[in-house]
Amino acid sequence: MLQEPITKLSGVGEKRAQALADLGIETIENLLNYYPFRYDDIKERNLAEINDQEKVTIKGVVVSPPVVNRFGYKKSRLQFRMMQDHDVFSVSFFNQPYLKDKIVLSEDIAVFGKWDGKRKSLTGMKILGAKQEGDFAPIYHVSKAVRQQTLVDLIKKAFVHFGDQIEENLPLSLIEKYRLMEKKEAMYAMHFPNTPEEHHQAKRRVVFEEFFLFQMKIQGLKKEEKSEKHGIVIDYDVERVKAFTQKLPFSLTNAQKRVTNEICRDLLQAKHMQRLLQGDVGSGKTVVAAIALYAAVTAGFQGALMVPTEILAQQHLASLNQLFDPLEIHTALLTSSTKAKERQEIIEKLQQGEIDVVVGTHSLIQEGVDFSNLGLVITDEQHRFGVNQRRGLREKGFQPDVLFMTATPIPRTLAITAYGEMDVSVIDEMPAGRLPVKTHWIKRGQLEDALKNARLELEKGQQMYVICPLIEESESLDVQNAVELYEELKDFFSPNFVVGLLHGKIKAEEKEEIMGAFKDNEIQVLVSTTVIEVGVDVPNATTMLIIDADRFGLAQLHQLRGRVGRGQQASSCILVANPKNELGKERMKIMTETNNGFLLSQKDLELRGPGEVFGFKQSGLPEFVAADIVADANILEVAKDEAQSLWHKKNWQLLPEYAGLLAYLKEKDPENQFFD
């Protein structure tokens with residue numbers, strides 16, 4: 001069995017098993033799936049065809065005895081000379097004195113290392129033994145306790161003793177359709193390819209399998225979630241909803257109309273709605289949410305809107321109250337600050353059905369908050385809530401329909417993996433008349449001029465944000481940075497303007513107070529280390545100044561930029577940065593060239609990888625062994641389509657062709673009943 005512990009292999013005792021476990025290798029299957037991160041081309045080469053600084057394998061005769069010179073603490077240099085044909089050159093190994101015994105005068109030797117064409121010398125990396133197979137040597141992530149050769153030997157041993165137990169888990173139809181290698185052959189070639197093409201084909205198979213198996217789970221979950229046994233029909237009053245939309249103080253954009261129709265279609269179906277609504281900062285998601293909540297109320301249901309912070313909850317309630325007729329829709333606000341007596345009243349009214357729409361923070365999912373007839377739940381900036389928190393709100397009603405909203409533009413590949421079980425709606429158009437924020441990149445030396453210009457804006461009655469870089473390693477450094485800058489700006493802007501300060505060590509209540517004071521223009525300049533709450537609306541703030549902007553990701557910079565430009569006045573975002581490399585310069589340049597959040601988030605994904613993009617580390621993004629959602633985006637799309645197609649096939653679980661696939665899925669995910 002591939003699930004056997006690694007100690008089943010000879011040569012693996014308790015100590016080595018622990019060292020392997022530290023690398024994530026505990027079973028035979030873990031070992032076989034522990035793929036190299038690169039391969040060295042160890043094909044023997046002739047001196048005449050080698051380029052300077054190239055990594056190569058050179059075979060020749062040892063023509064001088066090996067000598068070890070020691071210098072410094074535990075530092076050494078092993079030197080000898082080799083001859084290939086009639087060319088003699090020197091070879092050096094650093095800090096590997098134990099190799100001396102493998103170098104024998106007048107005997108043949110093959111050394112892999114880096115060639116220095118000018119000095120005609122080789123800096124050796126390893127001596128290749130006679131038993132070396134193939135032209136490519138796999139290179140693994142290893143530790144001090146587990147050497148490369150040890151790992152290679154164990155993997156070969158595992159294939160010898162357990163290779164026959166590797167069973168095919170993809171249906172034959174897919175293997176033939178995409179001309180994929182068989183599983184066992186692909187796994188072996190991932191470790192020991194004979195040619196680059198063989199490795200390419202092996203990786204293609206392994207990547208497709210990873211994505212396909214993951215998508216089978218996601219699409220199964222989606223089908224289960226949307227089954228009619230989980231849903232409710234929200235049969236809303238079409239005429240009243242139309243009348244409500246026509247009375248809005250502005251016209252909906254085409255994108256808003258499209259996503260509203262998608263949501264309303266979901267409400268009418270018995271299937272459970274689980275939809276993600278993406279819209280760039282200021283694209284008008286709140287209005288779409290208001291229409292959906294109004295529709296639910298016309299069908300006799302209650303609606304709930306859950307947001308991550310109190311100030312955001314207050315803001316959303318104010319927006320909804322402006323749109324709703326108070327005689328027709330009864331709203332309430334429930335947060336941790338709600339006084340005990342008022343809280344009790346709200347809870348009773350919710351239970352009796354006297355409140356139609358409630359807006360709140362995580363207080364909505366606390367014990368004792370129950371609804372009369374909850375039909376629609378909307379969560380804003382849902383990646384800020386844990387999965388269990390989102391589920392908690394859903395369980396408050398009889399499986400209400402769920403709409404997740406986010407202003408974080410999510411690249412398609414991330415949406416497929418992180419939110420694959422949801423349907424996705426995108427507002428990709430800005431409301432008419434909204435002025436784009438102008439973005440400028442300046443160097444540190446130009447900061448004083450920028451502050452003088454900002455002071456002119458403040459004199460017109462406007463406000464500004466100043467953001468300090470977040471240095472993950474040290475919160476105390478963050479605070480120090482912010483405090484120093486705060487003191488400098490206080491001097492610079494006094495006595496005419498009030499400067500406020502926010503940082504990670506300020507308590508939540510005080511933070512809310514400071515943000516409230518900024519919103520009410522009691523503070524004109526707000527210095528902060530943290531990302532200003534997504535969605536916080538201060539229309540009077542027209543300048544965003546970001547210090548050391550190259551420390552932030554593009555998606556974060558775009559989110560910060562979205563805090564300004566929310567009123568009628570022209571707004572600007574000033575990036576202060578002295579990037580040390582071309583990549584940093586390119587990122588600053590991209591920010592000044594586009595306001596398109598989706599374009600920026602895709603660039604961010606390409607430049608920094610999925611783990612970093614706007615905190616996706618916390619959002620349950622799966623970790624793949626060989627697959628890369630950026631580099632292998634095309635394969636991901638194909639795998640998703642194939643998984644979707646299979647789930648649409650009636651009773652596919654009963655068909656013989658899928659027996660191997662089904663057995664594998666059940667073994668890996670026994671808790672999911674939809675594989676039964």
Side-chain angles (χ1 to χ4, degrees), residues 249-250 281-282 284 286 307-323 333 335 337 359 361 380-381 407 431 433-440 447 450-468 482-483 485-503 506-547 559-574 576:
F250 43 78
V281 172
T286 309
V307 297
T309 67
E310 202 160 307
I311 194 162
L312 208 45
Q314 291 165 351
Q315 186 179 297
H316 271 308
L317 185 72
S319 301
L320 291 176
N321 285 340
Q322 281 177 345
L323 301 172
L333 178 72
T335 68
S337 301
V359 181
T361 54
D380 192 21
E381 288 311 321
R434 178 147 177 147
L435 295 170
V437 177
K438 286 191 176 164
T439 305
H440 311 278
L447 178 57
L451 289 172
K452 284 175 184 171
N453 288 334
R455 188 159 52 194
L456 296 175
E457 294 299 309
L458 297 182
E459 282 165 4
K460 294 178 195 169
Q462 290 160 13
Q463 292 164 272
M464 76 182 287
Y465 294 98
V466 181
I467 306 296
C468 290
V483 170
L485 186 63
Y486 164 71
E487 294 295 344
E488 285 172 26
L489 294 185
K490 219 162 61 163
D491 289 345
F492 185 87
F493 287 114
S494 72
N496 301 331
F497 305 108
V498 179
V499 181
L501 172 66
L502 273 184
H503 58 68
I506 289 177
K507 288 186 178 141
E509 301 82 32
E510 195 184 338
K511 187 177 166 189
E512 297 275 356
E513 274 177 37
I514 293 166
M515 278 308 301
F518 185 62
K519 207 170 177 347
D520 297 338
N521 203 358
E522 291 162 14
I523 291 171
Q524 286 75 48
V525 180
L526 185 63
V527 179
S528 173
T529 57
T530 54
V531 174
I532 297 298
E533 298 301 351
V534 171
V536 169
D537 201 0
V538 183
N540 199 44
T542 57
T543 305
M544 168 64 69
L545 183 71
I546 305 173
I547 308 293
Q559 286 287 340
L560 290 167
R561 174 166 64 185
R563 298 305 104 233
V564 295
R566 302 177 81 85
Q568 300 305 309
Q569 307 101 318
S571 297
S572 61
C573 175
I574 299 149
V576 184

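The model shown is predicted, which means the values in this text are computed figures rather than measured ones.
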Evaluate the side-chain proximity of F492 to K452: yes if any heavy-atom separation is below 4.5 Å, no if none is. yes
Taking side chain as C-beta onward, heavy atoms only, is V538 less than 4.5 Å from Y465? yes
Would you give the length of the straight line joining atom CG of L501 to atom CD of E510, rounded to the nearest 0.5 angstrom? 9.0 Å
Taking the side chain as C-beta and beyond, is there a heavy-atom pair between H316 and L333 under 4.5 Å? no
State, yes or no, whether a side-chain contact exists between L451 and L545 at a heavy-atom distance under 4.5 Å. yes
Residues that Q569 engages under side chain to side chain contact (heavy atoms under 4.5 Å, CB included), provided they are two or more places apart: Q462, N540, T542
Which heavy atom in A313 sits nearest to a heavy atom in T335, and how many Å separate them? CB-CG2, 4.2 Å
What closest approach, in Å, do V307 and L312 show between heavy atoms, and which atom pair accounts for it? CG2-C, 4.0 Å
Taking all heavy atoms of Q559 and all of R563, pick out the closest pair and write down the distance. O-NE, 3.4 Å
Would R455 and N496 count as a side-chain contact (heavy atoms from CB on, under 4.5 Å) here? Give the steps. CA-CA 10 Å; R455 188 159 52 194; N496 301 331; over 6 Å; no
Could you tell me the separation between the CG atom of L526 and the NZ atom of K519, rounded to the nearest 0.5 Å? 13.5 Å
Could you report the tightest heavy-atom contact between T439 and R561, atom names first, then the distance? OG1-NH1, 2.8 Å
Heavy-atom donor-acceptor pair, Q463 side chain to I523 backbone, under 3.5 Å: yes
Between L435 and S571, is any pair of side-chain heavy atoms under 4.5 Å apart? no
Of all heavy-atom pairs between P249 and L323, which one has the smallest distance, and what is that distance? CD-CD2, 4.1 Å
Rounded to the nearest 0.5 Å, how far apart are NZ of K438 and SG of C573? 14.0 Å
Quick check for you: to the nearest 0.5 Å, what is the distance between I574 atom CD1 and I547 atom CD1? 9.5 Å
Just to verify, what does E513 make a side chain to side chain contact (heavy atoms under 4.5 Å, CB included) with, not counting sequence neighbours? none
Report the C-alpha separation of T286 and D380 in whole Å, then their side-chain angles, then the decisive distance to 0.1 Å, and conclude whether the side-chain contact (heavy atoms from CB on, under 4.5 Å) test is met. CA-CA 9 Å; T286 309; D380 192 21; 6.0 Å; no
K490 side chain reached by V527 side chain, heavy atoms, under 4.5 Å: no
For the pair R566 (side chain) and G562 (backbone), establish whether a donor and an acceptor sit closer than 3.5 Å, ignoring hydrogens and angles. yes
A side-chain contact here means heavy atoms from C-beta on lying under 4.5 Å apart; do M464 and F493 qualify? yes
Rounding to 0.5 Å, atoms OG1 (T309) and CE (M515) come to a distance of 8.5 Å
So which heavy atom on L485 is nearest to which on C468, and how close? CD2-SG, 3.5 Å
Heavy-atom side-chain proximity of V466 to Y486 below 4.5 angstrom: no
Please list, chain by chain and in numerical order, all residues satisfying salt bridge (charged side-chain N to carboxylate O under 4.0 Å, His left out) with E522, sequence neighbours excluded. none
